Amino acid sequence: MGLLENPALKALLAEVGGGIAFLQARIRPAGKGWELRHVEDGERAEGELRSVAVAELRDLAQTTAAGAFRPLKSAPNLRSGWRCMMHSEAELEGALHQLYPGALADWFAAKSGALPVTHYREFTNRQTGMYRITQMLADGQVAAVARAHCGARFCLKRRLWTVDGLEVDEASSKSMVPCLEPCPMLLEFARLAMRMEQEDKMNVELSSSDLETIKGALETALAHPNPQLREADFSAPDNPRRVQLVLEKLRAVGSEREEG
């Protein structure tokens, strides 16, 4: 089947109208073709934006504005300040693939209702070697890992894979592009989380006020992350996902205290 006959692209074009957001890219008609720009650039004048070719989009998507590598292309840190003109459906499909590999097909699958979701247990039960340890996380621990790794702060795809007790993401909080199985980054984060669970535990007495202070400091760290920090460097103690995971644990402790 040729690119021009791609049913996923045809379905997306049918919804473009005056413009549509696809993750952090905005597609809108422009003459006989289409324009692609960052959603944050909205109605900025063309002269304020750098013109990029379709072939340049892959490099643009590789790093953040601070120059850090973007291992997760669905992360909400796509650089802004550019526009790309496409003169054919084939160019538009190619442009979306450069920015978000595979996302168009997944979006179409979600729209069609044909979703081959692979849930956490099914996925991790296939793992061997150093990732076999991810099978050891309890359901509640997996839920905390998923909230820390896959929240809207970190990924715009709608997570549809689950474990018992973990709800799928609401489309309104993210996008209509689904996440159908744990990604490699999630798997590595889950491996780290299990390693952390295996470490010796320390008994520390904290008052409710102490707990609130720590939670406040962690939330501040999340609001002002180090822009040079590599997103997938989970060995860094100030990695935002690690910070979020600790917050998840503290919130669980707080809930247990309230229930007690």
Side-chain angles (χ1 to χ4, degrees), residues 23-25 38 57-80 96-103 106 118-121 123-137 141-163 166 169 173-175 177-199 218-250:
L23 297 172
Q24 282 190 294
H38 197 288
L57 290 175
R58 183 178 184 278
D59 285 341
L60 182 145
Q62 289 290 83
T63 57
T64 66
F69 178 62
R70 296 180 70 237
L72 191 64
K73 297 302 180 282
S74 53
N77 54 9
L78 179 67
R79 279 188 279 168
S80 59
L96 292 176
H97 182 71
Q98 296 298 317
L99 292 177
Y100 299 115
D106 288 343
T118 304
H119 296 290
Y120 183 86
R121 294 298 174 200
F123 186 83
T124 56
N125 285 343
R126 301 174 184 169
Q127 303 304 315
T128 58
M130 66 181 185
Y131 290 114
R132 191 170 185 174
I133 194 176
T134 59
Q135 301 168 12
M136 298 171 63
L137 288 170
Q141 293 168 330
V142 174
V145 165
R147 288 192 295 267
H149 184 278
C150 310
R153 180 192 298 271
F154 301 117
C155 181
L156 295 174
K157 284 187 175 182
R158 182 190 179 198
R159 178 187 50 75
L160 297 183
W161 57 265
T162 64
V163 291
L166 176 65
D169 287 337
S173 67
K174 289 193 169 184
S175 74
V177 178
C179 175
L180 302 177
E181 67 178 22
C183 69
M185 269 186 66
L186 182 282
L187 194 64
E188 177 60 24
F189 190 61
R191 186 179 78 90
L192 170 77
M194 190 61 233
R195 288 297 187 198
M196 291 170 65
E197 290 296 330
Q198 292 176 325
E199 293 176 0
L218 292 172
E219 288 166 353
T220 298
L222 272 179
H224 305 282
N226 178 358
Q228 303 298 328
L229 188 66
R230 289 181 296 140
E231 190 176 358
D233 183 5
F234 300 137
S235 64
D238 57 341
N239 180 283
R241 285 177 170 84
R242 277 187 60 167
V243 173
Q244 185 68 54
L245 183 60
V246 176
L247 268 173
E248 294 294 333
K249 293 179 179 180
L250 290 178

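Reckoned from all heavy atoms, side chains included, excluding hydrogens, waters and symmetry mates. Here the structure is a predicted model, which means the values were calculated and not measured.
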Is there a donor-acceptor contact under 3.5 Å from the side chain of R158 to the main chain of C179?
-> no
Can you measure from [atom1] ([X]) to [atom2] ([Y]) and round to the nearest 0.5 angstrom?
X: S175; Y: Y100; atom1: OG; atom2: OH; value: 9.0 Å
X: T134; Y: Q127; atom1: OG1; atom2: CD; value: 5.5 Å
X: E248; Y: L250; atom1: CD; atom2: CG; value: 9.5 Å
X: L57; Y: L99; atom1: CG; atom2: CG; value: 4.5 Å
X: E199; Y: E197; atom1: CD; atom2: CD; value: 9.0 Å
X: T118; Y: F123; atom1: OG1; atom2: CZ; value: 8.0 Å

Are any non-hydrogen side-chain atoms of [X] and [Y] less than 4.5 angstrom apart?
X: N77; Y: R70; answer: yes
X: V142; Y: T162; answer: no
X: Q141; Y: M136; answer: no
X: S74; Y: V177; answer: no
X: Q62; Y: F69; answer: yes
X: Q198; Y: I133; answer: yes
X: L160; Y: L180; answer: yes
X: L192; Y: R242; answer: yes

Do you know which two heavy atoms are closest between [X] and [Y], and how far apart they sit?
X: R147; Y: L166; value: NH1-CD1, 4.4 Å
X: H38; Y: L78; value: NE2-O, 2.9 Å
X: E219; Y: L247; value: CG-CD1, 3.9 Å
X: K157; Y: K174; value: O-CD, 2.8 Å
X: C155; Y: P76; value: N-CD, 3.8 Å
X: C150; Y: L186; value: SG-CD2, 4.1 Å

side-chain hydrogen bond (donor to acceptor under 3.5 Å, both in side chains) assessment of E188 paired with Y131 | CA-CA 8 Å; E188 177 60 24; Y131 290 114; 2.8 Å; yes
Taking only residues at least two apart or on different chains, which pairs with a member in residues 220-229 satisfy side-chain hydrogen bond (donor to acceptor under 3.5 Å, both in side chains)?
-> none
Crowding at CZ, R58 (>12 non-hydrogen neighbours, <6.0 Å) = no
CZ/R121: more than 12 non-hydrogen atoms of other groups inside 6.0 Å = yes
Are E181 and R159 ion-paired here, with the side-chain N under 4.0 Å from a carboxylate O?
-> no
Those residues at least two apart in sequence (or on a different chain) that pass ring pair (Phe, Tyr, Trp, His ring centres under 6.0 Å) with F189 are H149, F234
Go through the steps for L187 and T124 under the test side chain to side chain contact (heavy atoms under 4.5 Å, CB included), then give the verdict.
-> CA-CA 8 Å; L187 194 64; T124 56; 4.2 Å; yes
Ignoring hydrogens and angles, state whether a donor on the side chain of R241 or Q244 is under 3.5 Å from an acceptor on the partner side chain.
-> no
Between E231 and M185, is a side chain to side chain contact (heavy atoms under 4.5 Å, CB included) present by the stated rule, with each step listed?
-> CA-CA 10 Å; E231 190 176 358; M185 269 186 66; 4.2 Å; yes
